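Just so we're clear, the structure is a prediction, and the values are computed from it rather than from any experiment. What you see below is based on every heavy atom in this structure, not just the backbone, and it leaves out hydrogens, waters and symmetry mates. Each chain gets a letter, A, B and so on, in the order its sequence line appears, and its residues count up from 1.
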Amino acid sequence: MQKIPAAQTRAVVLTQCNCFFIDSSIKGFFEMAKEDRYKFNEIEKKWQSIWEQDKTFKAVEDKSKPKYYVLDMFPYPSAQGLHVGHPEGYTASDIVARYKRMRGFSVLHPIGWDAFGLPAEQYAIKTGTHPADTTQKNIDNMRRQIKSLGFSYDWDRQVDTTDPNYYKWTQWIFLKFYNSWFDDSENKAKPILQLIEDLEAEKLYVGIDGDIIPTDAEGLQAISGDPVGARKWSELSKEQQREFIDDQRLAYEAEVAVNWCPELGTVLANEEVIGGVSERGGYPVVRRPMRQWMLRITKFADRLLADLEFVDWPTSIKKLQTDWIGRSTGAEVDFQIAGQDEFVRVFTTRPDTLFGATYMVLAPEHPLVDIIATDEQRQAVESYKEQAARKSDLDRTDLAKDKSGVFTGAYAINPVNEKQIPIWISDYVLISYGTGAIMAVPAHDERDYAFAKKFSLDIIQVVKPEDEYLQAKVEAGELCFSDDGIAVNSGRFDGLTTAQFKDEITAWLEDNTKGKLAVNYKLRDWLFSRQRYWGEPFPIIHLEDGERIALDESELPLIPPHVASYKAAGTGESPLANISDWVNVTLPDGRKGKRETNTMPQWAGSCWYYLRYTDAKNNDKPFDKANEDYWLPVDLYIGGAEHAVLHLLYSRFWHKLLYDLGYVSHPEPFKKLVNQGMILGQDGQKMSKSRGNVVNPDEVINNYGADSMRLYEMFMGPLEATKPWSMQGVEGVYRFLNKVWRTIIDEETDQLDSSIKDVEADSDTVRILHQTIKKVSSDIDTFGFNTAISQMMIFINHIAKLEVKPKSVIEQFVLVLSPFAPHVCEELWQRLGHYGSLAYEEWPQHDDELTKETDIELAVQVLGKIKDKIVVSAEATEEQIIEKALASEKVIAAMEGKTPKKVIVIKSRLVNIVI
RNA sequence: GCGAGCGUGGCGGAAUUGGCAGACGCGCAAGAUUUAGGAUCUUGUAUCCUACGGAUAUGGAGGUUCGACUCCUCUCGCUCGCACCA
């Protein structure tokens with residue numbers, strides 16, 4: 001059983017007891033206990049106000065210097081304020097920022113507020129307080145907390161996503177999406193006006209399927225006169241033209257299945273639906289198609305995937321994004337419906353198993369289901385569809401351990417062998433992936449196998465595994481084999497390997513116009529609208545005649561109106577829908593319309609904030625390209641791994657649009673990414689209010705100071721690791737800082753200690769200094785902050801013992817420690833006789849020669865076991881080392897008179913004698 | 001189920017990437033100082049044994065090597081992602 005140390009007891013009392021008496025007596029105790037320690041409180045306040053007044057950390061676009069952009073993931077200003085996890089990443093980035101400044105870089109190190117979000121809106125629903133007021137209050141508190149940690153942010157570049165001067169430009173970027181299309185032939189986004197011009201000039205025609213066909217395309221040229229299978233722009237009606245253009249936009253409206261809760265009158269996110277009912281209230285939730293805004297991220301899938309190669313990110317994050325994008329190649333194959341003029345298109349990654357397709361499955365939502373279902377089966381099909389609609393996406397995946405489905409009564413014809421196979425519907429096929437329909441090959445797909453077993457459908461083997469035991473099982477239909485093998489039961493394709501078969505069958509399908517090579521992505525277009533009040537309104541008006549217009553850039557920002565109630569409208573629309581003054585608009589030309597009442601999701605503001613920092617106060621544009629070009633890409637981005645996919649993918653996506661349109665000059669925004677790990681409570685559990693193990697940064701700063709807080713956050717362990725908090729650990733680094741202080745400042749006189757003199761340092765001291773400079777520098781470069789601190793502890797332990805301390809050594813040490821503990825170092829720097837801040841002092845240089853020991857202790861092993869240690873000079877030759885090692889009595893004894901077969905000498909490490 | 005990562009003293013963690021395992025800090029113990037407590041300083045602190053010596057130790061079992069925390073194979077445990085994507 002571990003004794004609870006005093007510091008821990010105090011912390012527990014402070015957090016758990018609001019009793020005035022105990023609280024104040026503890027405060028008194030603290031003041032007394034800390035009396036003879038350095039006055040971190042005064043020092044920290046002093047330097048924070050100097051930095052603020054002097055704008056010490058103002059970022060300057062100085063072309064004569066190399067630049068360095070260190071970015072933190074900006075926080076959501078919550079009512080709870082900071083938790084100890086925030087300062088971890090912020091301290092790491094601050095150390096790097098301060099270090100780079102001293103290394104001569106022009107540094108951009110900004111902070112801001114990701115301030116739209118549900119909590120402020122929910123608080124508004126409860127209390128009627130405007131979310132803007134709540135948000136402002138929370139920002140003020142969090143800013144106070146962040147400032148109290150002494151981070152070297154350029155506060156003049158602060159951004160707040162809820163500030164109209166900021167979201168004006170978020171809306172502006174939305175208009176860029178809305179007014180752009182994606183040119184597949186060049187794999188990039190372009191202004192939609194250009195497309196219209198090209199169509200009007202008849203450089204492009206409109207294909208039958210609404211696709212875009214270049215006039216000089218093959219096939220068109222061959223035919224003289226009017227193009228066949230394509231229409232000129234002028235041949236389309238105004239409505240057709242509008243529809244065509246709308247279909248090309250990168251921001252578009254679509255009917256999308258959402259989680260609709262009739263009882264609550266609102267749409268819910270997947271996380272808000274548990275077991276088919278709403279998390280709040282337990283009301284039924286159904287899948288219902290609703291009009292939503294979408295962003296066409298899928299057009300960028302290929303580039304989002306390919307460009308991951310160029311960023312220096314943790315491989316795990318790259319892999320998450322790769323999987324999320326989920327690119328797979330295969331074939332699309334058309335199956336004719338028996339006796340009807342319809343066909344079903346399926347996507348498969350295994351076209352080589354076509355001969356083994358024994359049935360087909362459509363997603364319940366597939367448009368063909370109603371058309372092909374026979375009268376006998378219609379009833380069953382309808383009720384199954386209804387059942388499926390009631391399940392949320394989560395249920396359909398999570399709870400579907402047992403497969404369900406219904407036969408439609410219809411049959412399809414397998415294009416490779418003309419066999420008729422039954423068509424089923426089942427919710428294991430997702431409407432949102434591929435074509436929403438599959439060919440089922442139960443012998444070679446686990447899911448199809450489970451389904452076929454349950455409904456006693458045919459299983460035909462078409463791939464032969466090498467392993468004979470497996471082969472027997474698969475042949476008997478007792479096992480599903482989904483790996484590659486050799487083709488069987490596949491007509492003239494028998495004997496081919498899976499890879500060969502895929503190539504040949506795809507070619508065959510294309511030759512016979514029954515299919516083609518196809519690529520599919522798991523990534524889906526981004527559902528970009530929310531039915532909320534506290535978000536950026538869409539700058540869009542829906543006119544009575546069905547036309548939809550976007551506001552002009554000059555009309556931005558579009559500011560949401562004040563509302564009486566923040567509750568949802570009850571119609572699936574946002575609270576904005578109830579404000580008729582705001583919603584109903586009349587255009588200058590007299591036409592009437594309604595404003596879009598959806599708002600953008602919280603992700604929107606965070607998609608481009610790093611760009612705004614480069615030119616935060618620009619009123620004419622989101623940012624000047626010259627500034628962007630100077631600062632971007634972000635050299636170091638530090639934040640939590642929870643944003644591995646969504647935020648980091650969404651902002652890359654926005655960045656690529658801006659890149660295509662020429663607003664930014666680099667294809668990727670974030671060069672290097674580092675994830676800080678999670679900090680657990682003192683009990684090793686996740687911090688949570690209910691467990692009562694939450695550590696409040698304010699409390700730590702009050703008791704130990706910001707420098708100790710920063711130092712401890714870094715000393716805990718590797719930045720990326722998950723690790724538990726320990727108040728005793730804070731005490732440890734606090735002691736270290738006190739030791740540094742006492743080594744330099746005489747406690748009695750409060751003046752520079754008399755042991756500090758302008759003298760030459762002895763060789764040991766020089767060596768340790770240079771080792772420290774070397775280690776701290778390289779550790780900052782590799783984010784090994786914990787080992788950097790441990791080296792500085794070794795330094796101070798050495799220096800504290802010296803009777804006379806060379807001033808220059810002390811000064812260099814103060815500079816090296818300063819990125820970690822800036823306040824105390826500024827103070828010491830001043831007291832060492834310097835004017836002004838040390839923030840731009842030159843970083844000390846180490847001399848590699850001076851880091852080396854003159855005498856080296858070597859371990860001497862016999863057969864790998866250490867028998868003795870010898871001391872040799874650093875210049876000793878291999879022969880001299882061997883001679884000395886073999887002369888050792890202990891070694892001679894261990895060798896038992898045998899002669900060495902081999903002697904291995906690792907310079908400055910060890911000697912191993914093999915006998 | 002799939003994928004990734006991690007297992008080192010009482011605790012957080014080091015280990016120049018195959019070369020003296022346990023740096024540094026916490027905790028603990030003894031001592032100094034002190035009226036006392038706190039603070040500070042000094043020393044010790046992986047485990048075991050027949051103890052100024054020796055043996056065993058990096059979740060476990062094998063392997064490669066003169067030499068393995070580090071590389072390989074198997075295995076156990078924990079954590080975090082993803083989860084019918086055809």
Whole angstrom is fine here: how far is it from [atom1] in [X] over to [atom2] in [N]?
X: A/Gln791; N: B/A14; atom1: CD; atom2: C1'; answer: 12 Å
X: A/Tyr712; N: B/C24; atom1: OH; atom2: P; answer: 18 Å
X: A/Asp445; N: B/G1; atom1: CG; atom2: P; answer: 19 Å
X: A/Lys318; N: B/G3; atom1: NZ; atom2: P; answer: 21 Å
X: A/Gln685; N: B/C11; atom1: CD; atom2: P; answer: 17 Å
X: A/Met714; N: B/A14; atom1: CE; atom2: P; answer: 13 Å
X: A/Gln771; N: B/A23; atom1: CD; atom2: P; answer: 17 Å
X: A/Leu719; N: B/A14; atom1: CG; atom2: P; answer: 12 Å

Got a salt bridge between A/Arg767 and A/Glu849, using NZ or NE/NH1/NH2 to carboxylate O under 4.0 Å?
no

Going by a 90° cut-off around 0, is B/U45 syn or anti?
anti

Need the glycosidic conformation of B/G9: syn if within 90° of 0, anti if not. Which one?
syn

Quick one: the side chain of A/Lys869 and the base of B/C20, do they pair up donor-acceptor inside 3.5 Å?
yes

NA contact type, [X], heavy-atom cut-off 4.0 Å: base, sugar-phosphate, or nothing?
X: A/Asn912; answer: base
X: A/Glu446; answer: nothing
X: A/Lys522; answer: base
X: A/Leu320; answer: sugar-phosphate
X: A/Ser328; answer: sugar-phosphate
X: A/Ser726; answer: nothing

Identify, between A/Ile856 and A/Val733, the residue whose nearest nucleotide on RNA chain B lies closer to the 5' end.
A/Ile856

Going by the side chain to side chain contact (heavy atoms under 4.5 Å, CB included) test, name the single residue among A/Leu910, A/Ile870, A/Val871 that passes it with A/Leu858.
A/Ile870

If you check the A/Arg742 side chain, which of B/G13, B/G19, B/U40 turns out closest?
B/U40

By nearest atom, which of the nucleotides B/U40, B/C66, B/U42 is closest to the A/Arg735 side chain?
B/U40

Applying the Watson-Crick and G-U wobble criteria at under 3.5 Å, what pairs with B/U42? Answer none if nothing qualifies.
B/A30

Begin with the C-alpha distance, continue with both residues' side-chain angles, and end with the deciding distance and a verdict on side chain to side chain donor-acceptor pair (under 3.5 Å) for A/Thr435 and A/Arg345.
CA-CA 6 Å; A/Thr435 60; A/Arg345 178 166 292 178; over 6 Å; no

Provide the distance between the two C1' atoms, one in B/C2 and one in B/G13, to the nearest whole Å.
32 Å

Under 6.0 Å from the ring centre and within 45 degrees of the ring axis: does the NZ or CZ of A/Lys403 meet both conditions for the six-membered ring of A/Phe451?
no

Between B/G25 and A/Asn797, is there an OP1 or OP2 to side-chain N/O distance shorter than 4.0 Å?
yes

